[in-house]
Amino acid sequence: MAARGHVQDPNDRRLRPIYDYLDNGNNKMAIQQADKLLKKHKDLHCAKVLKAIGLQRTGKQDEAFTLAQEVAVLEPTDDNSLQALTILYREMHRPELVTKLYEAAVRKVPTSEEYHSHLFMAYARVGEYKKMQQSISAQDEKLSQTMFLPLAERMVEKMVKEEKIEAEAEVQLYFMILERLGKYVEALEVVQGPLGEKLTSELQSRENKCMMMYRRLERWAECNALSCKLLLKNPDDWQFYLLYFDSLFHLIDQSWTPPQEGAHSAEGEVHASTAQALSFMEDRIATEEAKESKHLRGPYLARLELIRRLRERSCPEAQQLGEPLELMFQFFVKFGDKPCCITDLKIFLDLLTPDQHVQFINRLMEAVPLCAPGEDGVALPGDTRALQRHLCVTQLSRSLGQQHALNTEGKLGLIKELKAHYQHGLQFGKQMTRPVAGDGECCVCVVGDQNMLWQCLGLLEEGLSNSSSNAQFKLLLLLLYCRLGAFEPVVDLYSSLDAKHVQHDTIGYLLTRYAESLGQFAAASQSCNFSLRFFHSNQKDTSEYIIQAYKYGAFEKIPEFIGFRNRLNHSLHFAQVRTERMLLDLFLEADISSPLEESVKSMSLCPEEDDIPWDSLRDNRDLTVLVSWDPKDRQLNEEHRQRSLEEDTLWLRLRSLTLRLIGCVSALSHPPASRNSEKTTENGVAAKPSSLQSLLSQLENTLNQATQFSEKQLQYPFVGPVASRLAQALSSGCCQCQLSSLQLPLHLQELEATGLDESSELQTQISNLFKSLAVQLQDMLEKCKGDLLEVKDSHSMTQHFLLENLVYFVETVCIVLWVSNYCGSVLRPLKSSLQKKKKKKKEASTVTPPVLSAYQEFSSSLQSLLNQALEHIKSQELSLTALELGALSLEAQTQSEAEATFTKTAMDKVQSSYLRSLQEIGELLKKRADTLKSLKI
């Protein structure tokens with residue numbers, strides 16, 4: 001409600017108080033003022049829309065929508081009404097209605113440039129690109145100039161001929177159009193011609209575009225000559241070395257020869273032989289060697305890259321460049337004190353033969369200036385440069401697999417040495433983040449003893465206390481706490497990472513994967529909100545970015561924004577979080593604070609519609625966020641990525657189908673008459689009977705696929721993707737139990753149609769289902785029993801899977817209770833009808849139909865089951881509270897007093913988290929137990 005300029009229209013003056021109230025957040029007064037105005041001026045449409053905005057902001061969405069539609073149907077053309085409706089629809093997150101609004105306005109006032117502009121932007125917001133083009137009026141010259149640029153090559157060509165192109169953005173647009181049309185020759189001519197001189201905003205923009213076109217056109221000679229020229233200007237630009245080598249070997253394969261007369265190419269001299277390449281590299285190295293200081297890394301790394309490529313082609317010339325071990329040693333001597341040295345050398349480690357690994361590391365250690373060994377036998381660096389060199393050697397040693405080859409005693413010795421280096425390094429600056437060669441991960445991988453895991457947590461907690469901004473420490477702690485089943489400390493760790501914008505998609509999975517499964521329902525809801533808030537704002541924000549790009553001529557950015565928006569809209573994480581959040585809300589509230597039908601209706605969940613784009617789901621997770629120096633055979637590979645994506649997609653299918661089936665059950669719980677109105681069908685549940693059968697079949701098939709998948713038991717690297725909840729869910733028996741319970745409504749529908757008198761076989765079938773369900777639930781509860789934190793011989797062992805099993809049990813109980821509620825609603829009138837018949841015939845009491853007695857027995861067994869579960873939770877809370885973890889001995893490795901303190905802190909956090917989880921699970925189970933009364937028939 002932006003403030004308006006000088007008021008001339010009387011209606012503007014009348015509307016002014018309503019605008020002011022809305023601007024100040026006084027929505028109730030705005031509604032009252034609008035009502036007063038409408039009594040005097042019934043045809044003042046804008047007042048009606050402003051009232052709707054007030055209603056929307058006070059939570060009365062249905063009334064607001066109805067009122068807005070009354071005005072929209074009239075197809076208003078006054079600016080006030082259109083702007084007010086646009087604001088309302090944006091607040092309702094219904095941008096598609098804005099397009100309809102301005103389509104009508106343009107039909108009525110086809111000469112309005114402003115309405116055409118608004119319609120174009122409305123189409124941009126919802127991604128209707130064809131309609132964007134159609135919305136441009138070919139007769140309106142000004143509109144064509146401002147909006148037709150990205151949509152028609154012909155228009156740009158006309159501007160070029162008339163010499164009207166002046167801005168760099170227009171040249172960028174012309175280049176982009178030609179490139180997308182595949183007219184690479186014409187695009188190259190534009191860049192090389194006078195227009196190309198306007199490309200000045202980015203460094204080497206013109207050269208980069210030329211290089212791109214040369215590659216597309218496979219003009220390797222020009223590509224080679226241009227990369228040579230650019231490397232002479234900047235010998236440290238790695239991208240041009242790669243282009244130089246690519247073009248060189250293409251020319252060699254094509255047996256290219258220079259022309260007898262004239263220049264080699266449009267860009268100058270071309271190198272088309274290995275000899276020329278060797279000479280070129282030697283010249284670059286010689287130039288660097290002649291410097292006294294500030295050597296560039298590019299030429300030295302390019303020499304190693306050339307050796308690799310020559311070896312791949314079995315070229316004997318590779319030997320002329322030197323021995324890789326010696327060259328890498330020389331590189332380390334020059335650049336070993338720079339943090340980038342490890343990443344530079346790591347990609348060339350495969351040039352070393354296995355029997356050179358030990359020799360290589362020993363040579364590097366000789367170049368690390370360490371002080372004389374102390375009492376503990378550890379030689380330490382004297383300054384930060386020496387520290388960085390030692391760190392680099394340690395990382396390279398791990399990457400070559402030498403640390404993994406050590407026996408247990410050797411690994412413990414290495415841990416001791418690394419800890420000494422870490423403690424010594426702190427003197428060089430408290431804020432110097434130093435995640436030493438997997439110092440946390442190394443502890444995890446020593447032995448399968450949980451005492452080592454406790455020490456690992458203590459070590460990371462100590463590291464974080466010394467370097468509070470170290471993201472790697474936080475991520476490792478987050479991962480380890482989650483794998484121990486302790487979610488409480490994870491929330492603060494994730495918050496301290498201060499994830500921004502797209503990071504909620506790329507690393508948000510680390511949080512949302514464990515939140516609900518570890519029983520921290522309040523934290524789970526908060527975690528989902530973190531991610532969902534970002535995804536929902538993205539849909540609005542990226543539309544605005546696109547519109548701003550159109551307005552200011554940043555045409556190259558428009559496809560990027562569109563691609564970014566699509567990638568996020570199709571994000572696997574987005575679909576997971578949205579589904580899990582809806583399920584979580586139902587488990588926590590449905591039939592407790594509000595009936596299941598209302599809860600489902602408020603979510604606008606339609607069981608018949610699957611709104612997840614399965615075929616175009618994008619895995620946006622950053623699986624390399626945790627730094628790893630492991631050897632190649634232990635690192636994350638493409639198979640791990642694909643398997644993780646397949647696993648997460650299967651789990652999402654199971655959860656999505658379960659959610660939609662719950663929607664079906666809620667739809668069966670209220671009569672079809674309530675779905676007559678268009679509004680109810682749009683916002684509520686409208687499930688056909690056939691959809692229940694279809695969804696059950698899909699769930700059964702998906703469950704079979706999931707079972708087959710879990711049998712393969714693929715292990716991911718420790719710092720790779722986290723396993724989904726699939727394996728544990730199948731192990732707990734919850735998936736099969738939920739499927740069994742959701743099959744009951746089908747049989748009950750049949751019983752309702754048939755009646756009690758002629759359905760003895762069906763009643764037996766339903767009775768057996770009730771008995772089977774009770775047995776399955778009892779089995780699930782048995783798998784929850786055991787101590788979460790077990791102490792034996794002064795050693796502690798966690799069994800966090802019991803916590804997950806308990807959560808799956810509670811989820812299944814929720815679904816079983818909803819289904820039972822529906823069963824009761826069907827059986828209740830059948831029983832009442834049977835009693836009435838008995839009274840009329842004045843019969844003595846006869847045998848109760850089997851389905852009624854089976855249902856009553858099942859209700860009783862549910863009561864008993866929930867009592868057992870609550871007793872188990874209570875006993876676990878008491879035993880956890882009584883535990884004194886600080887008294888436990890950690891024998892595997894001697895700890896200092898400070899280290900022991902941090903280890904004790906980590907243990908206390910795990911203990912506290914378990915207690916919190918048990919309390920939240922117990923509270924939810926008590927609420928569910930209270931709803932059992934409604935099952936009586």
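Position 1 is the first residue of the sequence; numbering continues from there. Side chains are part of it too, since the values below use all heavy atoms of this structure and drop only hydrogens, waters and symmetry mates. Given the structure is predicted, the values throughout are model-derived calculations rather than measurements.
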**Student:** Can you name the nearest heavy-atom pair linking Glu752 to Tyr822, along with the distance?
**Tutor:** OE1-OH, 4.3 Å
**Student:** Would a 4.5 Å heavy-atom cut-off, applied to side chains only, mark Leu652 and Trp614 as touching?
**Tutor:** yes
**Student:** Going by atom types only, do Thr512 and Ser527 share a side-chain donor-acceptor pair under 3.5 Å?
**Tutor:**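 No, because no side-chain N or O of Thr512 sits under 3.5 Å from a partner of the opposite role on Ser527.
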**Student:** Just do the side chain to side chain donor-acceptor pair (under 3.5 Å) check on Asn27 and Thr58 with the steps written out, would you?
**Tutor:** CA-CA 7 Å; Asn27 299 311; Thr58 52; over 6 Å; no
**Student:** Are the charged groups of Lys926 and Asp930 less than 4.0 angstrom apart, N to O?
**Tutor:**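 Salt bridge: no.
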**Student:** Treating Ser525 as the side-chain partner and Phe521 as the backbone partner, does any N or O pair qualify as donor plus acceptor under 3.5 Å?
**Tutor:** no
**Student:** Going by atom types alone, do Gln56 and Glu63 pair a side-chain donor with an acceptor below 3.5 Å?
**Tutor:**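 Distance-only check fails for Gln56 and Glu63.
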**Student:** Of all residues at least two apart in sequence or in a different chain, which pass the salt bridge (charged side-chain N to carboxylate O under 4.0 Å, His left out) check with Arg725?
**Tutor:** Glu516, Glu580, Glu811
**Student:** Answer with yes or no whether the side chains of Asn529 and Arg581 bring together a donor and an acceptor at under 3.5 Å.
**Tutor:** yes
**Student:** Roughly how far apart are Ser732 OG and Asp779 CG, rounded to 0.5 Å?
**Tutor:** 11.0 Å
**Student:** Would you confirm whether Ser853, through its side chain, and Pro850, through its main-chain N or O, come within 3.5 Å as a donor-acceptor pair?
**Tutor:** yes
**Student:** Look at the side chain of Ser531 and the backbone N and O of Cys528, then say whether any donor-acceptor pair between them is shorter than 3.5 Å.
**Tutor:**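 No.
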**Student:** Within a strict 4.5 Å, meaning less than it, do heavy atoms of the Glu877 and Ile873 side chains meet?
**Tutor:**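 Yes, at least one pair of side-chain atoms sits under 4.5 Å.
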**Student:** Could you check whether Ser666 and Glu597, counting side-chain N and O atoms only, form a donor-acceptor pair closer than 3.5 Å?
**Tutor:** no
**Student:** Give a yes or no answer on whether the side chain of Thr658 reaches the backbone of Leu654 with a donor-acceptor pair at less than 3.5 Å.
**Tutor:** yes
**Student:** Throw together a table of side-chain donor-acceptor distances under 3.5 angstrom for residues 783-791, partners on residues two or more places apart or in other chains.
**Tutor:**
residue, atom, partner, partner atom, Å
Lys783, NZ, Ser731, O, 2.9
Lys785, NZ, Glu782, OE2, 3.3
Asp787, OD1, Gln876, NE2, 3.0

**Student:** Side chains of Asn569 and Asn538, heavy atoms from C-beta outward: is any pair under 4.5 Å?
**Tutor:** yes
**Student:** If every non-hydrogen atom of Val490 is compared with every non-hydrogen atom of Cys482, which pair is closest and at what distance?
**Tutor:** CG2-SG, 3.7 Å
**Student:** Distance from Phe530 atom CZ to Leu511 atom CG, nearest 0.5 Å?
**Tutor:** 7.0 Å
**Student:** Measure up the Phe574 and Phe535 rings against each other and bin them: parallel (under 30°), tilted (30 to 60°), perpendicular (over 60°).
**Tutor:**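 Answer is parallel, since the angle falls under 30°.
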**Student:** Would you say that Glu488 contacts Tyr481 through its side chain, given a criterion of any heavy-atom pair below 4.5 Å between the two side chains?
**Tutor:** no
**Student:** Determine whether the side chains of Gln776 and Ser740 contain a donor N or O and an acceptor N or O closer than 3.5 Å.
**Tutor:** yes
**Student:** Checking side-chain polar atoms at under 3.5 Å, does Thr931 have a donor or acceptor matched by the opposite partner on Asp591?
**Tutor:**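 Thr931 vs Asp591: no donor-acceptor pair found between side chains.
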**Student:** Ignoring hydrogens and geometry beyond distance, is a side-chain donor-acceptor pair present between Ser517 and Arg513 at under 3.5 Å?
**Tutor:**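 Note: Ser517 and Arg513 side chains meet the donor-acceptor criterion.
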**Student:** Applying salt bridge (charged side-chain N to carboxylate O under 4.0 Å, His left out) as the test, list every pair that has at least one member in residues 728-742; sequence neighbours left out.
**Tutor:** none
**Student:** Can you give me the closest heavy-atom contact between Ala64 and Leu55, atom names plus distance?
**Tutor:** CB-CB, 3.9 Å
**Student:** Run Glu700 and Leu739 through side-chain contact (heavy atoms from CB on, under 4.5 Å) and show every step you take.
**Tutor:** CA-CA 7 Å; Glu700 195 166 2; Leu739 175 63; 4.0 Å; yes
**Student:** Is the backbone of Phe858 close enough, under 3.5 Å, to the side chain of Ser861 for a donor and an acceptor to pair up by distance?
**Tutor:** yes
**Student:** If you take all heavy atoms of Gly663 and Leu605, which pair is closest and at what distance?
**Tutor:** CA-CD2, 4.2 Å
**Student:** Which atom pair, heavy atoms only, marks the closest approach of Glu608 to Arg660?
**Tutor:** O-NH2, 3.6 Å
**Student:** What pair of heavy atoms forms the shortest contact from Leu596 to Ala590, and how long is it?
**Tutor:**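 Looking at all heavy atoms of both residues, the shortest contact is CD1-CB, 3.7 Å.
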**Student:** Parallel, tilted or perpendicular: which fits the ring planes of Tyr855 and Phe770, with parallel below 30° and perpendicular above 60°?
**Tutor:** perpendicular
**Student:** Can any side-chain N or O of Arg928 pair as donor or acceptor with the backbone N or O of Ile592 at less than 3.5 Å?
**Tutor:** no
**Student:** Check whether NZ of the Lys or CZ of the Arg Arg916 lies under 6.0 Å from the centre of the six-membered ring of Tyr914 and within 45 degrees of that ring's axis.
**Tutor:**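 Negative - Arg916 is either too far from the ring of Tyr914 or too far off its axis.
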**Student:** Please answer whether the main-chain N or O of Leu817 pairs with a side-chain N or O of Asn821 as donor and acceptor at a distance below 3.5 Å.
**Tutor:**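 Judged by distance alone, no pair lies under 3.5 Å.
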**Student:** Go through the steps for Ser599 and Glu589 under the test side chain to side chain donor-acceptor pair (under 3.5 Å), then give the verdict.
**Tutor:** CA-CA 8 Å; Ser599 298; Glu589 295 172 13; 5.3 Å; no
**Student:** With a cut-off of under 6.0 Å to the ring centre and 45° to the axis, is Arg621 in cation-pi contact with Tyr509?
**Tutor:**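 Yes - Arg621 lies over the ring of Tyr509, closer than 6.0 Å to its centre and within 45° of its axis.
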**Student:** Would you say the side chain of Gln749 lies within less than 4.5 Å of the side chain of Gln693, judging by non-hydrogen atoms?
**Tutor:** no
**Student:** Quiz question: by atom type and distance under 3.5 Å, do the side chains of Gln520 and Ser917 form a donor-acceptor pair?
**Tutor:** yes
**Student:** With no hydrogens and no angle check, is any side-chain donor or acceptor of Ser913 less than 3.5 Å from a backbone partner on Phe487?
**Tutor:** yes
**Student:** If we ignore angles and hydrogens, is there a donor and acceptor under 3.5 Å between the side chains of Ser694 and Gln698?
**Tutor:** yes
**Student:** Considering residues, nucleotides and ligands other than Lys712, do more than 12 of their heavy atoms fall under 6.0 Å from its NZ?
**Tutor:** yes
**Student:** Answer yes or no: is there a donor N or O on one side and an acceptor on the other, between the side chain of Asn701 and the main chain of Ser697, under 3.5 Å?
**Tutor:** yes
**Student:** Counting only N and O atoms by type, is there a donor-acceptor contact under 3.5 Å from the side chain of His536 to the main-chain atoms of Leu532?
**Tutor:**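 Yes; judged by distance alone, with no hydrogens or angles, the pair exists.
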**Student:** Do NZ/NE/NH1/NH2 and the carboxylate oxygens of Asp611 and Arg578 come within less than 4.0 Å?
**Tutor:**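 A salt bridge is present here (some side-chain N lies under 4.0 Å from a carboxylate O).
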